Amino acid sequence: MNNFSGVMSCFEASFKTTPEIVVRAPGRINLLGEHTDYNEGFVLPAAIDKAVWFIFSRNNTGNVKIVSSDLNEEVELPINELQKSESSWANFLLGVIHVLQQKGFKFNSGFDVCFGGNIPLGAGLSSSAAIESGMCMGINELFNLNISRKDMALIAQKAEHEFAGVNCGIMDMYASIFGKENHLIKLDCKNISHEYLPFDFENYKIVLFNTGVKHNLGDSAYNTRRSQCEHGLALLSNYYDGLSSLRDVNLSMLESKEQEFDPEVFKRCKYVVNEAERMTLATLALENKDLVSFGALMYETHNGLKNEYEVSCPELDFLVDLVKKESGVLGARMMGGGFGGCTINIIEKSKIKEIRQRVSEKYELAYGFIPEIYEVLISEGCTVEKA
Ligand code: GLA
């Protein structure tokens, strides 16, 4: 774990050269709309005050040299003959260079880059998307590539598909790049555009409880969910014209064809269709500043993720069930891809201290250790500066 000055010291010690570009790429939370991004639905993420910092400098050699200040490891490769690395962390960064090259960008010099940060790994806060997004932003600035922010999000996503093997949606990169202080990003994953919704409730805070169970999206379960959605869509397309994704499906269309479905695929599709409906209600609740209704929808989403999409785990369910009994908690659910990571909770500020205490005690009793707890602030997305 590092902060900006730690990364800067590491850069200076590793490269003994002058830094040119500094990038800050934050992690993300997601309030609602889970597993809907790759179904062309809406999501409600935000960037947070935990980030990865990058420091870049061109090196006038043919090599790219990457140092991870958190792991104290480095990888060096000829920039024009990139290959996947045995260091899995390096592939997130190399993947970005690879995708840029696929798109026809040429590099007339190699470069040095040192990176590190304080986004907990495997906690569902999208440290990998932050790394890919930050890398892309830094290279864009270093070589004046003039790539738009939206295209950078798409490049970062492609890097994850091709070099990390996860068929993820666009949400995580987009949130890291487009985050805005005290706002949620209502992202339309069909035409990849967004609007900002204010999320600034004086008496409430967003708190994350980390199960400590490391989720691993490379785990084929994520990719399986995605292909189950595609199967469901293909089946429905036999009966309905012009479906481009599950976004175009409503519950009665789905239920009228239930007999045709494999029961598991049916459950997955039902979750996605219901989550889309919850997104509509959640947006309305936010517009009305009705955080109570919003919180109730979060609990419903958790049930769907647990019972229909089946991406939760006992530790996540335990943490959600625990806070349900707390009067100061408006809503809670598992967040992100699932199978571990954090729950996201909206908690009344005055109650946070006592709730943290109770959750810690009960989780320790059940699982033998005190969970990490993060009170997060909604912050700006990626920033790039000349050093
Ligand atoms: C992971 C993926 C995202 C999204 C979420 C689930 O974070 O990277 O694209 O699908 O899971 O909502």
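One-based numbering along the sequence shown. On a predicted model such as this, the values are computed, not experimentally measured, just so you know. Read the numbers this way: they start at 1 and go in the same order the structure lists the ligands and their atoms.
- Annotation: Ile170 places no N or O atom under 3.5 Å from an N or O atom of ligand 1; distance criterion only.
- Considering backbone and side-chain N/O atoms, Tyr222 comes within less than 3.5 Å of an N/O atom of ligand 1.
- In this structure, Arg24 contributes its side chain and Glu380 its backbone to a donor-acceptor pair below 3.5 Å.
- With respect to Glu326, the salt bridge (charged side-chain N to carboxylate O under 4.0 Å, His left out) criterion is satisfied by exactly one of Arg356, Arg358, Lys351: Arg358.
- A salt bridge is defined here as a Lys NZ or Arg NE, NH1 or NH2 lying under 4.0 Å from an Asp or Glu carboxylate O, and Glu310 with Arg268 meets this definition.
- At under 3.5 Å, a nitrogen or oxygen of Asp172, whether backbone or side chain, sits near a nitrogen or oxygen of ligand 1.
- Between the side chains of His194 and Tyr174, at least one donor N or O lies within less than 3.5 Å of an accepting N or O.
- Neither the backbone nor the side chain of Arg226 comes within contact range of ligand 1; no heavy atom lies under 4.0 Å.
- Remark: ligand 1 and Tyr38 share no N or O pair separated by less than 3.5 Å (distance only, no angle test).
- A donor-acceptor pair shorter than 3.5 Å cannot be found between the side chains of Glu74 and Ser14.
- The atoms of ligand 1 that sit less than 4.0 Å from any heavy atom of Asp37 are 3 (C), 4 (C), 9 (O), 10 (O).
- Of all the atoms in ligand 1, the ones that sit under 4.0 Å from a non-hydrogen atom of Arg28 are 7 (O).
- Aromatic pair Phe261/His231: ring centres not closer than 6.0 Å.
- Considering backbone and side-chain atoms alike, Gly169 places an N or O below 3.5 Å from some N or O of ligand 1.
- Taking a cut-off of under 4.0 Å to the non-hydrogen atoms of Met171, the atoms of ligand 1 that pass are 4 (C), 5 (C), 12 (O).
- Checking only distances, Asn30 never comes within under 3.5 Å of ligand 1, N or O to N or O.
- Between Phe369 and Tyr363, the two ring planes are perpendicular [angle over 60°; tilted spans 30° to 60°].
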